[in-house]
Undergrad: 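Below is the structure I would like to discuss, written out as structure tokens.
Residue numbers run from 1 in the order of the sequence given.
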Amino acid sequence: MRFGLFGTGPWAHLAHAPALAAHKDVELVGVWGRNPAKAAALAQEHGATAYADIDALIADVDAVAVALPPDIQADIALRAARAGKHLLLDKPVAFTTEATDAIVSAAAEHDVASVVFFTRRFMPAIQDFLDQVSATGGWLEARVDHLGSIFQDGNPFGESVWRKESGGLWDVGPHAVALVLPVLGPVTQVTALAGARDMTHVLLRHESGGITTLTLTVDAPEKLEREDASFHGESGIAVVPAVQWAPVDAFARAVDALITAAAGGPASPLDIRFGAQVGRILAAAAESIDTGRTITL
Ligand SMILES: NC(=O)c1ccc[n+]([C@@H]2O[C@H](COP(=O)([O-])OP(=O)(O)OC[C@H]3O[C@@H](n4cnc5c(N)ncnc54)[C@H](OP(=O)(O)O)[C@@H]3O)[C@@H](O)[C@H]2O)c1
């Protein structure tokens, strides 16, 4: 699969580019970034060509991988889908339901495969755990505390403008929601409050009757940093296992899933439609924070 990579920031360097360059079934054709010098450097590091024009790179490939802020990604993903190119997007797909739905429609219309990189869902130990927990059933609640502390000297993710504005909900929120949906199922109601340090508390009512409680921030005091997730129900408490952080391996599995789907195999359960489901929940949480109301989906 011939890929174009869009983005030259920390995540493009840490995950997308090395995974694409190393994948045996991938040719990393080109890299686009708004800063030509950064695009040239990343392209050169991985034996690709730097592109100055977004549509020229889209035209030269079978698939795009995007590591850009969500609103910038949404525009490129829509252009790529309309050009019939497969999509390997990062989370969250976009900041608005309208933008995500436009990509869903274009992907369906042009019959393109899609995968959204919910990293933990591409880690075998976590996926095995979720399969087992889903099979057990009887879950009454899920709890996810995802408290990052990214605005410390030397943390590359702290430079993002959008993370400073709404990183708790939109940066770590997608990972949390993507963990609970396969177990507790679709969400019918969302209510949320945001406090100091962007600490965002979200309650989800699931169609199954279960309730999820999320506590999210990327601006926690260092001593509060944690990533805990668990399911509670008739059979007790099941704690999501801690796993070694290996984003390049996880991204390679996302590429595998895209290649399989593009070749006519099963669509990934983490495709653009799943990305849209997650996005609707996060947009409802944002609306609840703004309005003080519980949002019904
Ligand atoms: N799946 C995961 O576990 C995971 C982990 C980390 C990040 N991500 C996702 O990956 C994406 C990229 O994240 P990131 O950490 O690299 O930081 P980011 O701030 O989201 O993206 C940085 C990149 O975006 C470019 N950029 C910023 N504003 C732009 C604009 N207005 N127009 C065009 N380009 C713009 C930057 O260019 P300059 O260098 O020129 O500023 C840089 O190339 C995000 O969507 C994030 O959610 C996912």
Undergrad: Please list, chain by chain and in numerical order, all residues satisfying side-chain hydrogen bond (donor to acceptor under 3.5 Å, both in side chains) with H232, sequence neighbours excluded.
TA: S230
Undergrad: Give the minimum heavy-atom separation between T294 and Q189, together with the two atoms involved.
TA: CG2-NE2, 3.9 Å
Undergrad: Distance-only, no hydrogens or angles: does the Q73 side chain make a donor-acceptor pair with backbone N or O of P92 under 3.5 Å?
TA: yes
Undergrad: So, for M123 and Q244, which heavy atoms are closest and what is the spacing to 0.1 Å?
TA: CE-O, 4.1 Å
Undergrad: Can you check whether L68 reaches I76 side chain to side chain, under 4.5 Å on heavy atoms?
TA: yes
Undergrad: Looking only at heavy atoms, which two atoms of W32 and L57 are closest? And how far apart?
TA: N-CD2, 3.7 Å
Undergrad: Counting neighbours of CZ on R273 that are heavy atoms of other residues, nucleotides or ligands and sit closer than 6.0 Å, is the number greater than 12?
TA: no
Undergrad: Any side-chain heavy atom of L42 sitting closer than 4.5 Å to one from L5?
TA: yes
Undergrad: Any side-chain heavy atom of T8 within less than 4.5 Å of one from V31?
TA: yes
Undergrad: Kindly indicate whether the side chain of D90, heavy atoms from C-beta on, has any atom under 4.5 Å from the side chain of V116.
TA: no
Undergrad: D128 and Q132: side chain to side chain donor-acceptor pair (under 3.5 Å), yes or no, with the steps?
TA: CA-CA 6 Å; D128 290 350; Q132 267 176 31; over 6 Å; no
Undergrad: Taking S288 for its side chain and A192 for its backbone only, find out whether a donor-acceptor pair lies under 3.5 Å.
TA: yes
Undergrad: Minimum heavy-atom separation for A285 to V202, with atom names?
TA: CB-CG1, 4.1 Å
Undergrad: Taking the cut-offs as 6.0 angstrom to the six-membered ring centre and 45 degrees off its axis, would you call R121 and F274 a cation-pi pair?
TA: yes
Undergrad: Donor-acceptor check, side chain of S149 to backbone of A220, threshold 3.5 angstrom: yes or no?
TA: yes
Undergrad: Under 4.5 Å between side-chain heavy atoms, hopping through other hydrophobics if needed: is there a path connecting I72 to F157?
TA: yes
Undergrad: Is there a path from I211 to V177 through hydrophobic residues (I, L, V, M, F, W, Y) whose side chains come within less than 4.5 Å of each other?
TA: no
Undergrad: Salt bridge check, D198 against K164: does any charged N sit closer than 4.0 Å to a carboxylate O?
TA: no
Undergrad: With a 4.5 Å cut-off on side-chain heavy atoms, are L181 and V278 touching?
TA: yes
Undergrad: Please determine if R79 and D55 form a salt bridge, counting it only when a charged side-chain N lies under 4.0 Å from a carboxylate O.
TA: yes
Undergrad: Evaluate the criterion side chain to side chain donor-acceptor pair (under 3.5 Å) for residue pair D228 and H146; output intermediate values, then yes/no.
TA: CA-CA 6 Å; D228 302 328; H146 195 146; over 6 Å; no
Undergrad: For H86 and S114, which I'm curious about, is there any donor-acceptor pair between the side chains at under 3.5 Å?
TA: no
Undergrad: Would you say the side chain of L130 lies within less than 4.5 Å of the side chain of V183, judging by non-hydrogen atoms?
TA: yes
Undergrad: Which class fits the ring pair H16 and F251: parallel under 30°, tilted 30 to 60°, perpendicular over 60°?
TA: tilted
Undergrad: side-chain contact (heavy atoms from CB on, under 4.5 Å) for I103 and L87? Distances and angles first, verdict last.
TA: CA-CA 10 Å; I103 305 167; L87 306 174; 3.7 Å; yes
Undergrad: Write down the atom of A238, the atom of W139, and the distance for their closest heavy-atom approach.
TA: CB-CH2, 3.7 Å
Undergrad: Counting only heavy atoms from other residues, nucleotides and ligands, does the tally under 6.0 Å from CG of D25 exceed 12?
TA: yes
Undergrad: Quick one: do E141 and R143 make a salt bridge, cutoff under 4.0 Å?
TA: yes
Undergrad: Does atom CD (E225) have a neighbourhood of more than 12 heavy atoms from anything else shown, all under 6.0 Å?
TA: yes
Undergrad: CD of E45 to NE2 of H13: how many Å apart, nearest 0.5 Å?
TA: 6.5 Å
Undergrad: Working to the nearest 0.5 Å, report the span between CD1 of I295 and CG of L204.
TA: 12.5 Å
Undergrad: Quick check: closest heavy atoms across L282 and P174, and the distance to 0.1 Å?
TA: CD1-CG, 3.7 Å
Undergrad: What do you reckon, is CG of L224 surrounded by more than 12 foreign heavy atoms closer than 6.0 Å?
TA: yes
Undergrad: Do any N or O atoms from the side chain of T188 and from the backbone of R205 form a donor-acceptor pair under 3.5 angstrom?
TA: yes
Undergrad: Measuring from atom OG1 of T260 to atom CZ of R253, what distance do you get when rounded to the nearest 0.5 angstrom?
TA: 13.5 Å
Undergrad: Closer than 3.5 angstrom, by distance alone: can the side chain of T96 be matched with the main-chain N or O of A99 as a donor-acceptor pair?
TA: yes
Undergrad: Taking the side chain as everything from C-beta on, heavy atoms only, tell me whether Y51 gets closer than 4.5 Å to V29.
TA: yes
Undergrad: Got R280 and D101 here, is their nearest side-chain heavy-atom distance under 4.5 Å?
TA: yes
Undergrad: Is R120 salt-bridged to E227, cutoff N-O under 4.0 Å?
TA: yes
